[in-house]
Every structure is written in structure tokens, then in C-alpha cells.
Amino acid sequence: MADESRERDRALGMGARITRRDFLNGVAITAGAAIIPPEMWAAAAADLQASDLEAQPAPGYYPPAKTGLRGDHPGSFEPMHQVRDGVFWNTAPKPVDTGESYDLVIVGGGISGLAAAHFFRKTAGDKARILILENHDDFGGHCKRNEFKAGSRTLLGFGGTYSIESPAPYSAVSKALIEELGIDVPSYPKYVAKDLYRSLGLKPRVFFDKETFGADKLVINAVHTGSDESGLNDADVAGDLDIFLKDAPLSAIAKQDLQRLLADDKDYFPGLSSNEKKTRLARMSYAKYLTDVVGVSDEIVRLLQAFPHPLFGVGIDAVAAQDAWGLGLRGFNGLHLDPAPGKGMNRDCIPNAEAEKYFFHFPDGNATIARLLVRKLIPSAIPGNTASDVVLAKADYSKLDEASSSVRIRLNSTVVKVRHLGDPHSAKEVEITYFTEKKLKTVRAANCVLACWHVVIPYIAAELPGAQKEALASCQKVPLLYNNVLIRNWTAFQKLAVRSIYAPGMYHTSVNLDLPVSIGGYECPKKPDEPILVHMMKAACKPGRPAREQHRIGRIQLYTTTFETYERNIREQLGRMLGGGGFDPARDILEITVNRWPHGYAYEYNSLFDQFWLEGRETPCQVARRPFGRIAIANADADAYAYTDCSIDQAYRAVGELAHAASAGIHP
Ligand SMILES: Cc1cc2nc3c(=O)[nH]c(=O)nc-3n(C[C@H](O)[C@H](O)[C@H](O)COP(=O)(O)OP(=O)(O)OC[C@H]3O[C@@H](n4cnc5c(N)ncnc54)[C@H](O)[C@@H]3O)c2cc1C
């Protein structure tokens, strides 16, 4: 490394003694997911520390407290990638029969898998024997709890799923489960300090970076659009637009364009009916609409490019103009569209007032739902009785997989094969083979729910029909990075009067002070001189390409980026954005947890790229989720909808299919 870079790294605090765990990544995946030679895997596996593969009962085993590279952490994905690349079985050890047999084995310990266990017990009774196999070192899937220590204080963060929310109202099934878990969604306003940031004068800001806009500048965010269900009140926005127009490093033409866009009243499609206009909008990206129809400058497109990142993991180049209209983005006033959703609209973009009111954020996000489900399934694993006391309750991981318990959760266990023992239409059992602690093991079950990611299923359940495997394989995931950074204090945020930053040209396009929620004895930081978590999000995408291709490229990017690079990007960006407020990354960053989700949100159909969706034809997920013999298929992928209610609803359907087969005498 050149002296200059070394000097720069020192100034950023890259040598600081924060936890840094970075095994395998950068070695494991090659561009295009090419076949990886077995010897490379062997070398990589040798690099794995025993702790990365340990089964859960070791004393002190407590994954939420791990920092460094989390989310899809090292040790969780390698066996499955070997299976995908066709090399796993060349060197796989001989399977060992555990002799265990269950009423139900579930693959995947996310919300869908945990909910499937819960629903199965409702039909089969509490004595039903259930095993959940999960390839990560923690349960919850995307619902990941991140814990941090700042002196004697514990700070909680969400490493994935942020909140109970959904663009459409929760179904009766999902609502009933949330209520059964004791979560009183309407009580949320009691827990959020909604005026905290406002009382300190903090506001949303935009960071213009010099590479994209010619100058590094933090400016008031006056182009803030769409709704925010988090409940935070912002300071008065009157006059913000004038300040924005004065301060933003945009050309005079771009500023005029923006004013025109915000005030716009022009009908760009005169003579067309509302439906005809929507049909056009469904087939062009919002970026194209802005440049080719509204006629704004590229600078405005660059400014708005990353707006949809948190929702779709892609920018406005890959979001249909019709969807942008639904999201409340600008430029559609003069079209006088009737409010009914147009054909091919994404479900995230159809406004629904009832759904908007249904919001709850726990300090660890929906990891609380996962923990409440685990407590219901295995009461000894998490102490307490309420949805509040669970927030600070410490999970005892040694209780998750006890032989005496009717429900068992086995972590660090990657399922590599699922097959009926005999003809799938008449077989009495399914055999499930999983890889754990460098061993292959088998269990048997009368029923199996695959609650894992759909792209995985064709590799592990080879006996499924070809068309179904094709539909499963088409199910993309949206790659995302959710980083939590523990900082010494937030006086720099206070000095700069900022609570969130939209940074369209930067590595992380959104940066937020933690949502201030206190519940169950957990107190969020309220004074700027206290430590706090800063949440930094990146959508890994490649603008200009079809959405699925952007996700594929982004996924490889996330797997091949080292922790050191993630860390450098975090330090650089916070330093650049907040330096004016006195923030010093070397001094002020205490801890970093990178939650890498190369397989993030379920891919939601998009009228720009999915003709079947635009035309209202059968969707791949309808084919993908068909039951097969004693196997049923759950997960949020099963309805191509990236929300917790979907995971629950699909678990309910999958279990219902198994129950129906049993009661109809198909699988007695
Ligand atoms: C960063 C992020 C933020 C999100 N925020 C929200 C939000 O705020 N609100 C919301 O409603 N939704 C949100 N979501 C969507 C989220 O995906 C769902 O809410 C829900 O948590 C998905 O649950 P699931 O069980 O369907 O899938 P997952 O949580 O993905 O669980 C599937 C599990 O199967 C495991 N698995 C895969 N293959 C195997 C194998 N071979 N063997 C064993 N196990 C395997 C996976 O590792 C995973 O743990 C978010 C998603 C992400 C990625």
C-alpha cells in the first residue's frame, strides 16, 4: 500500500481495535458464479475458525453480540454455493443417519419457517415433533438482532427487517399471529420519541458528493417525498426549498428544472385517457420519463436516482414511471390520473391508508417477532411473557436443540438434499440431508416445509418437476447492505442539524440516526453526548441494466467485498458527510457491524421487465410454491412480496396444504 493510502487509513482509524472478522469473503465467489475448484474451497474452509461452524450449545454462544461481518456471515453460505457449483458432492463426507424422525422438518429458520412450526402445532398439537434446520448461526433469517456494548450500556440495532409494515393491510392470519405474540401494533406511538430529533432542530439532509455533483455539500432535504410511517415529527419545512435551491451545488438550469418538476401541472400526454397514460407509464422508467417526457436535466436524474433504493434495491432507471407516480414522486400532477392502480403496478406502489397506519418498530426490528415465535415454540430458550419484556431478554441458545423438546432449532446446518423415500406420491417419509460441523447428517420426517430462499430449492430438491424448478430458480433476491455503526456521540449530527442523510452518489445512499424507540426497559439514546447507532444502507445495483441483472451483479459484489473495504467506505463516508460538524471517524467510531444480504428482499414483479405481470398472467411464484408429495413450500418468495406478513401468510398456506393432504387421506 502506498504511503499516502496508509496515512489516509490511519486518519480514518482503520487500525483501530474494533472487532474485525473477515473469513473467506473475496475467495469464495467468482464473477458470474463460475465453478470454484474444490481445492479452493478446501483452502477456504481451512481458514474458517471453529467458532464459525460451531453448533449452538457451546457455552457463551450468543450470536447477536457478534460484530464485524454479519447478515449472510462467513460460514453460512459456502456449502450451498458448493452445491450450486456442482462440487459439493465430489468431496462430501459420507452421510451419517442421526436416527431422528420428526412429524415436520422445516428448512430455513426465518419468520416463515418459525411461523410454519407455530401453525403446524396448531393443527397437529403441541406434542408434534418439529425440527427447524437453519444455515446461519442465528435464527430469524433476515430478522437479525445486532447488540452492541458502549461501556456498561447495551444498544440494540436491526441488522435486517426493520419494522412491522406492509404496503397492503396485514391479512387476518398475519394480524392474528402478531396479536397472539402479544404485539399491540396501535400502541407504537407510546414508545417512539417522536419529537426528539425535532426538538434538537435535526432534519433530513441531502449529501451532494463531488464525484457526482462537483462539490461535497450537506444541504437541507427539500425533495423529500412519500410517506414515513416511523412516526417521527420533522421540524417545519416552510422555507426549506428556498434554502435547498440556494445551497445545492446544481446548475441554474437544474434548479429551474427542479422547481418546474415540483410545481408541475402540465399534461404531457394530452388526448390520452387515464388508462392509456398509465399503460405508457408502466412501460417506461421514471428516469426516462423525467428526461424524455418532462425534459429535466441529467443532474435532476442523478439527484433522484437513489430514491427507491430502500424499497427495491435499484434506482429510478429500473422503476416504472407508473410506480413512481404511486410512490408520490413528482411530475404527474398535470396528467390527472384517476387514483385506481394501473395494470402492472408494483404492490409496494399502491397507496393504502389502512396499511400505512399498521407500523411498529422494535429496537432490533422484526427480530423481536422471531424471538417471540421462538419463545412460543421453545419457552425455556427465551425468558419472559410479554412483547415488551422480550426486548431485553437474553436468549439461551443451549436450549434450542434439546432432545427433550418437541420443537428443536438446529443452527449452522445447511440442508443440501431433500428427497422422498420412495415414490413422492405414496412415500411415507422425506429424508433431509444437512451439512454441519464438516459432517453430513440425515433426519427423516413425515412432512417437510421448505421455508428457505426459492433459488436454493432446485439444488436441494432435485425430484421436483422441471417447470417448478425453473420457476423457483427465477426467483431473484435483492442484494442489500444494512450497516450499524456505533458512534461515541452524535454531537456532529447536532451541530449540522441532521437526523438522516440521502446521499445519491455515495456508497451508502441512506444514513440515519437510530429510530428513537424505548420499550420494555430499553432506553434509546436521547442526549447528543451519548453513544448511538447510525444505520447506513447500500443497495448493490448496476444502473442501466434490467433489474434482475442488477441484482445478480450486486449479489456478487456483496459477496466479494472484504470487511476491510466495507469498513473503509463507512469511515470515509461518515468523515466526508459529518466532518464539518467535527466528526472524526478514527476517534468517534466504536464498533461496526456490516449486515450483508446478497439474498435480501424477495424480488417483486416489475412492469418494465416482467411481461407476465403487466399482462396479469400466472406468475412464476404461483408455479414455484406448488406442493409436491410431502413437501410444501413457504418463504416470502412464495408470493414475490418482500414483507413479514407475506412470510407468515405463505407459512400458513404451506402448512394448510400439508394438513389438507393428511386429512384428505393423501398422506395419512
Ligand atoms: C435488509 C432487509 C430489510 C427488510 N426490512 C423489512 C421490513 O422492514 N419489514 C418487512 O415486513 N420486511 C422486511 N424485509 C423482508 C424480509 O425478507 C421479510 O420480512 C421476512 O423477514 C422474510 O422471512 P422469510 O422467512 O420468508 O425469509 P428469510 O428471513 O430469508 O429466511 C429464510 C431462511 O432460510 C435459510 N436457508 C436458505 N437456504 C438454506 C438451506 N439450504 N438450509 C438451511 N437454511 C437455509 C436462510 O439462510 C434464511 O435464514 C427486509 C429484508 C431485508 C433483507
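Each ligand, and each atom within it, is numbered from 1 in the order the structure gives. The analysis underlying the following values was restricted to heavy atoms, covering all of them including side chains, and did not include hydrogens, waters or symmetry mates. If you're wondering where the values come from, they're calculated on a predicted model, not measured in any experiment.
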(message) Just by distance, no angles: are the side chains of Asp364 and Tyr522 close enough, under 3.5 Å, to form a donor-acceptor pair?
(response) no
(message) Quick check on Thr414 - does any of its heavy atoms sit under 4.0 Å from an atom of ligand 1?
(response) yes
(request) Flag the pair Arg625 and Asp637 as a salt bridge only when some basic side-chain nitrogen lies within less than 4.0 angstrom of an acidic carboxylate oxygen. (result) no
(request) Starting from atom 17 (O) of ligand 1, find the nearest protein heavy-atom neighbour and note its residue, name and distance. (result) His142 ND1, 2.7 Å
(message) Measuring from atom 25 (O) of ligand 1, which candidate in Ser112, Pro79, Ser413, Ala634 has the nearest non-hydrogen atom?
(response) Ser112
(request) Flag this pair as yes if the NZ/CZ of Arg347 is under 6.0 angstrom from the six-membered ring centre of Tyr641 and inside a 45 degree cone about the axis; otherwise no. (result) yes
(message) Are any of the N/O atoms on Tyr601, whether in the backbone or the side chain, positioned under 3.5 angstrom from an N/O atom of ligand 1?
(response) no
(message) Quick test of your reading of the structure: of Val107, Val415, Ile369, whose heavy atom lies closest to atom 41 (N) of ligand 1?
(response) Val415
(request) Salt-bridge test for Arg596 and Asp72: reply yes if a basic N is under 4.0 Å from a carboxylate O, no otherwise. (result) no
(message) Any nitrogen or oxygen of Trp453, side chain or backbone, less than 3.5 Å from one on ligand 1?
(response) yes
(message) Polar contacts were defined as any N/O atom of the residue lying under 3.5 Å from an N/O atom of the ligand; does this apply to Trp597 and ligand 1?
(response) no
(request) List the closest protein heavy-atom neighbour of atom 15 (C) of ligand 1: residue, atom name, distance to the nearest 0.1 Å. (result) Ala642 O, 3.2 Å
(message) So if I count the atoms of ligand 1 from 1 in the order they appear, which ones are less than 4.0 Å from some heavy atom of Tyr162?
(response) 5 (N), 6 (C), 7 (C), 8 (O)
(message) Under a 4.0 Å threshold between the charged nitrogen and the carboxylate oxygen, would Arg129 count as salt-bridged to Asp103?
(response) no
(message) How far is atom 7 (C) of ligand 1 from the closest protein heavy atom, and which atom is that?
(response) Thr161 CG2, 3.4 Å
(message) Looking only at distances, can you tell me whether any N or O atom of Gly160, backbone or side chain, sits closer than 3.5 Å to an N or O atom of ligand 1?
(response) no
(request) Establish, yes or no, whether the cationic atom of Lys144 lies under 6.0 Å from the six-membered ring centre of Trp597 and within 45° of the ring axis. (result) no
(message) Considering Ile432, Ile164, Asn135, Asn595 one by one, which has a heavy atom nearer to atom 43 (C) of ligand 1 than any of the others?
(response) Asn135
(request) Tell me, please: is Gly71 in heavy-atom contact with ligand 1, that is, under 4.0 Å? (result) no
(message) Less than 4.0 angstrom from a charged side-chain N to a carboxylate O is my criterion; do Asp639 and Arg653 meet it?
(response) no
(request) Check the side chains of Asn484 and His535 for a donor-acceptor pair under 3.5 angstrom, ignoring hydrogens and angles. (result) yes
(request) Run the contact test for Ser166 against ligand 1 with a 4.0 Å cut-off on heavy atoms, strictly below, and give the result. (result) no
